[in-house]
Amino acid sequence: MFLDDVDEPADSVPGGPTRLALRRAVDRALVAPVACPDCGRTMACPCGRARHEGRVEAILAAVAPWLQSEAA
């Protein structure tokens with residue numbers, strides 16, 4: 001099964017539709033453009049700095065609604 005397979009029912013995923021929505025959010029965050037900490041470009045740049053912290057922030061932002069709902 002693929003995350004965006006429209007023919008696959010969402011409830012066939014362990015955890016149901018909520019788990020599928022969370023997986024989609026993380027999948028998008030993993031490929032979202034992340035700004036360079038030096039120059040701010042989201043494309044390739046001459047700085048060559050790691051964008052690890054930006055990627056972590058993108059993933060945390062994607063899962064924040066689920067984290068908040070679990071804490072409530």
Side-chain angles (χ1 to χ4, degrees):
M1 177 176 107
F2 295 99
L3 292 178
D4 292 324
D5 188 356
V6 295
D7 295 329
E8 185 74 28
D11 59 359
S12 69
V13 177
T18 302
R19 182 175 169 97
L20 180 60
L22 176 58
R23 289 182 58 88
R24 285 181 174 158
V26 171
D27 188 48
R28 287 185 201 114
L30 287 172
V31 295
V34 174
C36 171
D38 289 338
C39 67
R41 290 182 183 149
T42 57
M43 305 282 281
C45 65
C47 304
R49 287 279 307 269
R51 299 179 189 204
H52 178 76
E53 289 302 316
R55 179 65 55 217
V56 170
E57 290 300 319
I59 294 169
L60 287 175
V63 300
W66 286 270
L67 295 175
Q68 291 170 358
S69 68
E70 290 293 321

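Taking Arg49 as the reference, Cys36, Pro37, Asp38, Cys47 meet the side-chain contact (heavy atoms from CB on, under 4.5 Å) condition, with sequence neighbours excluded.
Between the CG atom in Asp27 and the CG atom in Leu22 there is a gap of 11.0 Å [rounded to 0.5 Å].
Pairs passing the salt bridge (charged side-chain N to carboxylate O under 4.0 Å, His left out) check and including a residue from residues 51-62, sequence neighbours excluded, do not occur.
When hydrophobic clusters are built by joining Ile, Leu, Val, Met, Phe, Trp and Tyr residues whose side-chain heavy atoms come closer than 4.5 Å, directly or via intermediates, Val63 is grouped together with Leu30.
Residue Ala29 comes nearest to Ala62 through the heavy atom pair CB-CB, 3.7 Å, listed as atom of the first residue, atom of the second, then distance. When all heavy atoms of Arg41 and Ala44 are compared, the closest pair comes out as CD-O, 4.3 Å. Scanning both residues, Pro33 and Thr42, for their nearest heavy atoms gives CB-CB, 3.7 Å.
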